[in-house]
Amino acid sequence: MEFYGDLQSGNCMKVKLTADLLQVPYTWIPVDIMNGGSRTPEFLRLNPHGQVPVVRLEDGETLAQSNAIIAWLARGSGLLPDDPVRQAKVLEWLFWEQYSHEPYVAVCRFHMHYEGKPKEMRDPVRVERGEAALDAMESHLSTASWMAGDGFTIADIALYAYTHLADEGGFDLDPRPSIRQWINACRNALGNGHMDPSGS
């Protein structure tokens with residue numbers, strides 16, 4: 001199995017964290033998104049949308065979209081419960097992450113971390129909605145240990161990826177103790193094997 005991606009990307013990080021936790025064997029193939037690596041004819045044959053991550057399975061089938069990939073990886077494991085309602089709650093958070101969290105927290109981080117823009121140049125709408133997403137997580141985690149149900153799941157991995165790097169997008173987690181506690185719990189659940197932003 002081959003994974004194509006940029007290890008500085010939170011969406012790619014989700015896939016690597018999930019595969020490593022489940023001890024899934026794979027080869028990681030770096031894609032330099034800032035220098036057109038996801039726009040080459042070769043890459044566009046893997047994913048016509050020109051986005052990372054992409055997984056190429058042993059039979060040549062490809063999968064894109066980080067949350068779809070981690071859901072596929074997690075099938076049959078405790079990271080994606082078999083119970084239909086619990087599984088739906090995990091998916092609920094995966095969809096929320098891509099609609100209400102990633103477009104704001106991750107994009108602000110992209111502008112600052114990848115493009116080197118100062119905090120003051122962030123889009124005010126993205127900042128407002130990113131703060132709202134983090135506030136929603138803080139509220140939820142103030143009464144729950146995990147994002148979905150009573151155990152660590154891919155919902156936590158999906159939200160951990162960009163949340164623990166939120167400061168790189170200009171967001172302050174200091175006033176959000178429940179998120180900070182959850183981040184530490186995620187690190188423990190991942191066996192402290194999570195990647196730092198440099199991909200090391």
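Predicted model, so just to flag it, every value in this text is computed and none were measured.
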Quiz item: Mind checking what makes side-chain contact (heavy atoms from CB on, under 4.5 Å) contact with Ala71, not counting sequence neighbours?
Solution: Ile154

Self-check item: Which residues share a side-chain hydrogen bond (donor to acceptor under 3.5 Å, both in side chains) with Tyr162, sequence neighbours left out
Solution: none

Quiz item: Same hydrophobic cluster for Leu63 and Phe95, using side-chain heavy-atom links shorter than 4.5 Å among ILVMFWY?
Solution: yes

Exercise. Identify the heavy atoms of Ala155 and Ala148 that sit nearest to each other, and give their distance.
Key: CB-CB, 4.1 Å

Exercise. Measure from the side-chain N and O atoms of Asn67 to the backbone N and O of Leu94, and report whether any donor-acceptor pair falls under 3.5 Å.
Key: yes

Self-check item: Candidate pair Arg109 and Glu102, rule side chain to side chain contact (heavy atoms under 4.5 Å, CB included), full reasoning
Solution: CA-CA 10 Å; Arg109 175 181 179 256; Glu102 195 266 1; over 6 Å; no

Quiz prompt | Side chains of Phe171 and Cys108 in contact at under 4.5 Å (non-hydrogen atoms) | solution = yes

Quiz item: Is there a side-chain contact between Leu165 and Met13, using heavy atoms and a 4.5 Å cut-off?
Solution: yes

Exercise. Could you tell me which residues satisfy ring-ring contact (aromatic ring centres under 6.0 Å, His included) with Phe110, sequence neighbours excluded, listed by chain and number?
Key: Tyr114

Quiz item: Who passes side-chain hydrogen bond (donor to acceptor under 3.5 Å, both in side chains) against Asp32, sequence neighbours left out?
Solution: Asn35

Quiz item: Does some side-chain heavy atom of Leu73 sit less than 4.5 Å from a side-chain heavy atom of Val15?
Solution: yes

Self-check item: Listed partners of Ser145 passing side-chain contact (heavy atoms from CB on, under 4.5 Å), at least two apart
Solution: none

Quiz prompt | Verify same cluster id: Ile29, Val55 (apolar side-chain graph, 4.5 Å) | solution = no

Quiz item: Just by modelled atom types, is the Glu2 backbone N or O under 3.5 Å from a matching donor or acceptor in the Thr27 side chain?
Solution: no

Practice problem: Could you pull out the closest heavy-atom pair between Ala64 and Val54, with the gap in Å? | Solution: CB-CG2, 4.5 Å

Self-check item: Test side-chain contact (heavy atoms from CB on, under 4.5 Å) applied to Arg45 - qualifying residues, sequence neighbours left out
Solution: Pro41, Glu42

Quiz item: What distance separates Leu46 CG from Arg56 CZ, expressed to the nearest 0.5 Å?
Solution: 5.0 Å

Self-check item: Stepwise side chain to side chain contact (heavy atoms under 4.5 Å, CB included) test for Asn11 and Val52
Solution: CA-CA 8 Å; Asn11 285 324; Val52 291; over 6 Å; no

Quiz prompt | Gln51 backbone acceptor or donor facing Asn47 side chain under 3.5 Å | solution = yes

Practice problem: Given side chain to side chain contact (heavy atoms under 4.5 Å, CB included), test Thr18 with Trp72 step by step and report yes or no. | Solution: CA-CA 10 Å; Thr18 304; Trp72 178 80; over 6 Å; no

Exercise. Quick one: closest heavy-atom pair of Ala158 and Ile70, and the distance?
Key: CB-CD1, 4.1 Å

Self-check item: CE/Met121: more than 12 non-hydrogen atoms of other groups inside 6.0 Å
Solution: no

Quiz item: Is Leu22 reachable from Val90 through a run of hydrophobic residues whose side-chain heavy atoms are each under 4.5 Å from the next?
Solution: yes

Practice problem: Can you measure from CG (Leu159) to CD1 (Ile183) and round to the nearest 0.5 angstrom? | Solution: 10.5 Å

Exercise. Could you label the plane-to-plane angle of the Trp93 and Trp96 rings as parallel, tilted or perpendicular, counting under 30° as parallel and over 60° as perpendicular?
Key: perpendicular

Exercise. For residues 34-66, pull every pair meeting ring pair (Phe, Tyr, Trp, His ring centres under 6.0 Å), keeping only residues two or more places apart or in separate chains.
Key: none

Self-check item: Pairing residues for Glu58 by the side-chain contact (heavy atoms from CB on, under 4.5 Å) criterion, not counting sequence neighbours
Solution: none

Quiz item: Any donor and acceptor pair, going by atom type alone, linking the side chain of Trp28 with main-chain N or O of Tyr4 inside 3.5 Å?
Solution: no

Side-chain donor-acceptor pairs of residues 129-144 under 3.5 Å, sequence neighbours excluded:
from   : atom 1 : to     : atom 2 : distance (Å)
Arg129 : NH1    : Tyr104 : OH     : 3.3
Glu131 : OE1    : Arg176 : NH1    : 3.3
Glu131 : OE1    : Arg176 : NH2    : 2.6
Asp135 : OD1    : Arg176 : NE     : 3.2
Asp135 : OD1    : Arg176 : NH2    : 2.8
Glu138 : OE1    : Ser178 : N      : 3.2
Glu138 : OE1    : Ile179 : N      : 3.0
Glu138 : OE2    : Ser178 : N      : 3.0
Glu138 : OE2    : Ser178 : OG     : 3.1
His140 : NE2    : Trp146 : O      : 3.2
His140 : NE2    : Met147 : O      : 3.0
Ser142 : OG     : Ser139 : O      : 2.6
Thr143 : OG1    : His140 : O      : 3.3

Quiz prompt | From CG (Asp174) to CZ (Arg180), nearest 0.5 Å | solution = 5.5 Å

Quiz item: For Asp156, which residues count as a side-chain hydrogen bond (donor to acceptor under 3.5 Å, both in side chains) partner, sequence neighbours excluded?
Solution: Trp182

Quiz item: Between atom NE2 of His111 and atom CD of Glu168, what is the distance when rounded to the nearest 0.5 Å?
Solution: 15.0 Å

Quiz prompt | Straight-line distance of Cys186 SG to Leu17 CG, nearest 0.5 Å | solution = 10.0 Å

Quiz item: What do the steps show when you test Tyr26 against Lys16 for side chain to side chain donor-acceptor pair (under 3.5 Å), and what is the final call?
Solution: CA-CA 9 Å; Tyr26 63 87; Lys16 190 174 192 307; 3.3 Å; yes

Quiz item: Tell me, which pairs form a side-chain hydrogen bond (donor to acceptor under 3.5 Å, both in side chains) where one or both residues lie in residues 117-128, sequence neighbours left out?
Solution: Glu115-Lys117

Self-check item: Distance (rounded to the nearest 0.5 Å) between Ile157 CD1 and Ser66 OG
Solution: 11.5 Å

Please list, one pair per line, the donor and acceptor atoms closer than 3.5 Å that link side chains of residues 77-87 to other protein atoms, with sequence neighbours excluded.
from  : atom 1 : to    : atom 2 : distance (Å)
Ser77 : OG     : Ala74 : O      : 2.7
Ser77 : OG     : Leu79 : N      : 3.1
Asp83 : OD2    : Val85 : N      : 3.2
Asp83 : OD2    : Arg86 : N      : 2.9
Gln87 : NE2    : Pro81 : O      : 2.8

Quiz item: Between Leu44 and Ser38, what is the shortest heavy-atom contact and its length?
Solution: CD2-O, 3.7 Å

